[in-house]
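First up is the structure itself, then whatever we jot down about it.
So that the names make sense, note that chain A is the first sequence line, chain B the second, and so on, each numbered from 1. Heavy atoms only: backbone and side chains are in, while hydrogens, waters and symmetry mates are out.
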Amino acid sequence: MTDLELAPWTLDCVPGDAMPIWAEALRDDNPIHLDPDAAEALGFGRRTVNQGPANLAYVLNMLIAARPGEYLETVEARFLGNVFSGDRVVATGGCDSPEARTCMAALTRGEETDPVLTVRALFRDPPA
Amino acid sequence: MTAAFRTWLDGPAAREAGGAMVIPTGSYRIDAALDRRIRESTRAPGGDGGLAHPIFAFVAALGGLGVPVADICRMCGSSIEAGPLLAQCAIRYRRALVLDRLYAVSGAIVGRTTKPSRRFGSAEHVSLHLCVGNRGHDADYREAADAEVWLTWIMPQARTS
């Protein structure tokens with residue numbers, strides 16, 4: 001349970017044309033991210049699957065915007081579902097208090113309520 | 001099969017240390033242009049003071065390994081064409097990653113478990129421990145690392161028939 005809700009972060013349309021950028025950066029040419037035919041053949045439907053680190057980046061964007069000037073110490077993420085090209089995603093989260101070092105966050109897609117990604121983030125203590 | 005992977009299988013690069021299979025060391029440069037492209041693709045604001053977006057701890061850890069993801073899949077009896085999925089990850093930041101700096105990247109496969117899978121029938125859960133900014137996966141690697149990443153992939157197993 002968190003008492004301080006962080007401002008949500010929304011991406012209205014996951015860009016399919018960014019997936020090759022991530023594939024190259026990660027040296028990961030998993031075809032589900034690049035080829036709609038491959039994604040469909042593997043049971044994911046006709047749209048390409050967004051890379052997990054990209055989904056995590058959306059959540060980190062939300063956390064960074066909510067805690068300006070602070071630095072992350074640890075991030076723990078569980079990837080529970082898939083995000084697809086063209087999806088609308090929303091990152092939400094909260095902390096126990098404005099001073100709390102730990103924040104919990106989640107990413108949901110479209111109108112679904114079950115998160116596709118959950119994140120626990122720990123921020124560093126501010127310098128003395 | 002890449003030359004790096006062949007060397008890893010056959011040569012001294014493939015060794016076990018404390019039960020883990022060490023992956024060949026590589027490197028990664030987070031150049032400003034790539035940071036900008038990643039920020040634009042995720043609608044993140046521009047960078048501050050030459051620091052990379054924090055997701056680059058993961059990107060550099062995976063992208064900077066001495067072998068690509070496809071080779072790691074093959075080593076684990078799977079294939080990149082089978083569509084492996086990321087199950088979980090953890091990142092520890094000791095220092096913020098800096099743009100236009102070359103980081104050493106090392107890693108090891110630290111766990112493998114076969115589990116039934118609703119999507120794949122049977123899958124190998126493969127766990128890696130990766131370090132960015134250190135000199136290698138030796139006894140002191142963790143203290144020297146700017147960032148550590150632990151991740152688990154769900155890799156469909158190759159069919160035998």
Task: Under 4.5 Å from a heavy atom of chain B, the part of A:P53 involved - done: both

- [ ] State the CZ-CG distance between A:R27 and B:L62, to the nearest 0.5 angstrom.
- [x] 9.0 Å

Open item on the list: Please report the interatomic distance CD1(B:I55) to CH2(A:W22), rounded to the nearest 0.5 Å.
Closed with: 5.5 Å

Task: More than 12 heavy atoms from other groups under 6.0 Å of CD on A:E24 - done: no

Open item on the list: What part of A:L72 gets within 4.5 angstrom of chain B, counting heavy atoms only: side chain, backbone, both, or neither?
Closed with: both

Task: B:R43 and A:Y58, any side-chain heavy atoms less than 4.5 Å apart - done: no

Task: Backbone of B:Y93 reached by a side-chain donor or acceptor of A:Y71 within 3.5 Å - done: no

Open item on the list: Which atoms of B:A82 are under 4.5 Å from chain A, going by heavy atoms: the side chain, the backbone, both sets, or neither?
Closed with: backbone

Open item on the list: Quick check on A:L122 against chain B: is it the side chain, the backbone, both or neither that has a heavy atom closer than 4.5 Å?
Closed with: neither

Task: Rounded distance (nearest 0.5 Å) linking atom CD of B:Q88 with atom CG of A:L117 - done: 12.0 Å

- [ ] Identify which part of A:A77 has an atom lying under 4.5 Å from any heavy atom of chain B, answering side chain, backbone, both or neither.
- [x] both

Open item on the list: Shorter than 4.5 Å, heavy atoms on both sides: which option in A:A38, A:P31, A:A18 has the most such pairs with chain B?
Closed with: A:P31

- [ ] Give a yes or no answer on whether the side chain of A:R78 reaches the backbone of B:C89 with a donor-acceptor pair at less than 3.5 Å.
- [x] no

- [ ] Measure A:N82 against the heavy atoms of chain B and call it side chain, backbone, both or neither at under 4.5 Å.
- [x] side chain

Open item on the list: Please rank A:G43, A:A57, A:A65 by heavy-atom pairs under 4.5 Å with chain B and give me the top one.
Closed with: A:A57

Task: Region of B:A87 that comes under 4.5 Å of a non-hydrogen atom in chain A - done: backbone

Open item on the list: Checking side-chain contact (heavy atoms from CB on, under 4.5 Å) between B:P54 and each of A:L60, A:V75, A:N61, which is the one that passes?
Closed with: A:L60

Task: Atom group of B:Y28 that falls short of 4.5 Å from chain A, counting heavy atoms - done: side chain

TODO: Indicate the atoms forming the closest heavy-atom contact of A:G52 with B:L86, along with that distance.
DONE: CA-CD2, 4.4 Å

- [ ] Give a yes or no on whether B:L51 and B:L97 share a hydrophobic cluster (residues Ile, Leu, Val, Met, Phe, Trp, Tyr; joining criterion: side-chain heavy atoms under 4.5 Å apart).
- [x] yes

- [ ] Please answer: with hydrophobic residues joined when any side-chain heavy atoms are less than 4.5 Å apart, are A:I21 and A:L34 in the same cluster?
- [x] no

Open item on the list: Working to the nearest 0.5 angstrom, can you tell me the gap between B:L65 CG and A:L26 CG?
Closed with: 10.5 Å

TODO: Check the hydrophobic clustering (I, L, V, M, F, W, Y; side-chain heavy atoms under 4.5 Å; chains of links allowed) and say if B:M21 and B:W153 are grouped together.
DONE: yes

Task: chain B contact via A:L11 - side chain, backbone, both or neither, heavy atoms under 4.5 Å - done: side chain

Task: A:F123 reachable from A:L56 in the ILVMFWY side-chain graph, under 4.5 Å edges - done: yes

Task: Max heavy-atom pair count under 4.5 Å with chain A, selected residue of B:L151, B:V59, B:V149 - done: B:V59

TODO: Quick one: closest heavy-atom pair of B:R94 and A:R124, and the distance?
DONE: O-NH2, 3.1 Å

- [ ] Please round to the nearest 0.5 Å and tell me the distance separating atom CZ of A:F79 and atom OG1 of B:T152.
- [x] 10.5 Å

Open item on the list: For chain B, which candidate among A:T74, A:N30, A:I32, A:V119 shows the most heavy-atom pairs at distances under 4.5 Å?
Closed with: A:N30

Open item on the list: For residues B:L34 and B:V98: do they belong to one hydrophobic cluster (side chain heavy atoms under 4.5 Å, members Ile, Leu, Val, Met, Phe, Trp, Tyr)?
Closed with: yes

